[in-house]
2 protein chains.
Amino acid sequence: MRIGELARKAGTTTRTLRYYEARGLLPARRGENGYRRYDEEDLRLLHQIRLLQDFGFELEETRPFVDCLRAGHPSGDSCPASLEVYRRKLAELDAVIERLQQVREQVGSQLARAEVEVSAETPPVPRCELTEVQVDASERGEGDGGDD
Amino acid sequence: MRIGELARKAGTTTRTLRYYEARGLLPARRGENGYRRYDEEDLRLLHQIRLLQDFGFELEETRPFVDCLRAGHPSGDSCPASLEVYRRKLAELDAVIERLQQVREQVGSQLARAEVEVSAETPPVPRCELTEVQVDASERGEGDGGDD
DNA sequence: GTAGACCTTGCCGCCGACGTCAACGCCAGC
DNA sequence: GCTGGCGTTGACGTCGGCGGCAAGGTCTAC
């Protein structure tokens, strides 16, 4: 099949496929007219790439999986190099998630503190950490007033 | 003080300060020689900016906080606009964290499955997780042979 | 034979937050 | 006066993953 058909089947664009080829990730054979030609296996490789991309993998990180499939293995993660990428990504994910959770806590407590201060119009240094937001629900008409 | 001193005090670079000024976030007064001049309040605004940046806020999102401080409020989040940013960031953080946790689950289960499959078909090490590369390099030499 | 649907290569644009020159001005000390 | 360490503006580079456009080639249908 030609590039447009593959793009349609995979839900991507021809621009993306040319980009993958330029990166050496998904090279195409060429017809006599110079057109790129793909087959069903390429569609499979492409699905593998897109799946990992959806997971947040960088293109380079999908390469071991693609190579693995091309080497004839049943799935892209049937090779040690792919497993290594999995493990590295897991560690990265854990680190990022932990970091984001810490930030979430900080922002959350800052919001709680600031809400109390604003509603009381009092300077810093609140009381303890009992940041319960029962100040007065009918405040200034904010909240999800709908303005986005 | 001049730009270099402020940069040093805030642990950032002169390039960054000039960038903030170009964005209208932290404008500087000018001396007779054209040099930027900053005071202690600017240092405070800068600290606010860097704190939020560390939280992953975009520069534009720090603007309400800076404006709030400049308006004379005790802290950058003493204004409704800042609280709105807090709330939006919290929602974003929750969404991102949830998404990443889902991805983490998926990747984790894929890894577990693939590890079982690999060890079943091509048992490199009949042990558990001894990921030590002392396994005798002359195993089956597939693919790139495990150079890392 | 001509429209038009596909394909080709090539190259610039984009986003965010700066880094990194280049070429020059200002000022203090020796 | 000269060196060196500050400062100034301007402009291009970076990173990833493409989007979009131009100028042309190819194939098919009518």
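Every value quoted in this text rests on a predicted model; they were computed, and no experiment measured them. So you know, we letter chains A, B, ... as the sequences are listed, proteins then strands, and number each from 1.
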In whole angstrom, give the distance that lies between atom CZ of B:R23 and atom C1' of C:dC18.
11 Å
Residue-phosphate contact under 4.0 Å: B:T13 side-chain N/O, C:dC18 OP1/OP2:
no
Assign B:R37 to base, sugar-phosphate, or nothing according to its heavy-atom contacts below 4.0 angstrom with the strands shown.
nothing
So what does B:R18 touch, heavy atoms closer than 4.0 Å: a base, only the sugar-phosphate, or nothing?
base
Please compare A:Y35 and A:T16 by the position of their nearest nucleotide in DNA chain D and report the one closer to 5'.
A:T16
Any side-chain donor paired with an acceptor under 3.5 Å for B:R113 and B:S109?
no
Donor-acceptor pair (no angle test) under 3.5 Å: B:R15 side chain, C:dT20 base:
yes
Please give, in whole Å, the distance from D:dC6 P to B:L17 CG?
15 Å
Answer yes when A:R87 and A:E84 have at least one side-chain N-carboxylate O distance shorter than 4.0 Å, and no when they do not.
yes
Are OP1 or OP2 of C:dG16 and a side-chain N or O of B:Q53 less than 4.0 angstrom apart?
no
Should B:R2 be listed as having a side-chain N or O under 4.0 Å from OP1 or OP2 of D:dC6?
no
Could you check whether any side-chain heavy atom of B:R37 comes within less than 4.5 Å of a side-chain heavy atom of B:R30, counting everything from C-beta outward?
no
Is the distance from OP1 or OP2 of C:dA17 to the nearest side-chain N or O of B:R50 less than 4.0 Å?
no
Quick one: is A:N33 getting a side-chain N or O under 4.0 Å of the D:dG25 phosphate, OP1 or OP2?
no
Presence of B:T14 side-chain N/O under 4.0 Å of D:dG7 phosphate oxygens OP1/OP2
no
Heavy-atom donor-acceptor pair, A:Y19 side-chain to D:dG16 base, under 3.5 Å:
no
Side-chain donor or acceptor of B:E21 paired with backbone N/O of B:A28 under 3.5 Å
yes
I would like to know whether B:E61 and B:E92 meet side-chain contact (heavy atoms from CB on, under 4.5 Å); could you show each step before the answer?
CA-CA 13 Å; B:E61 294 175 323; B:E92 279 179 28; 4.1 Å; yes
Rounded off to whole Å, could you give me the CD-to-P distance for the A:E21 and C:dC7 pair?
13 Å
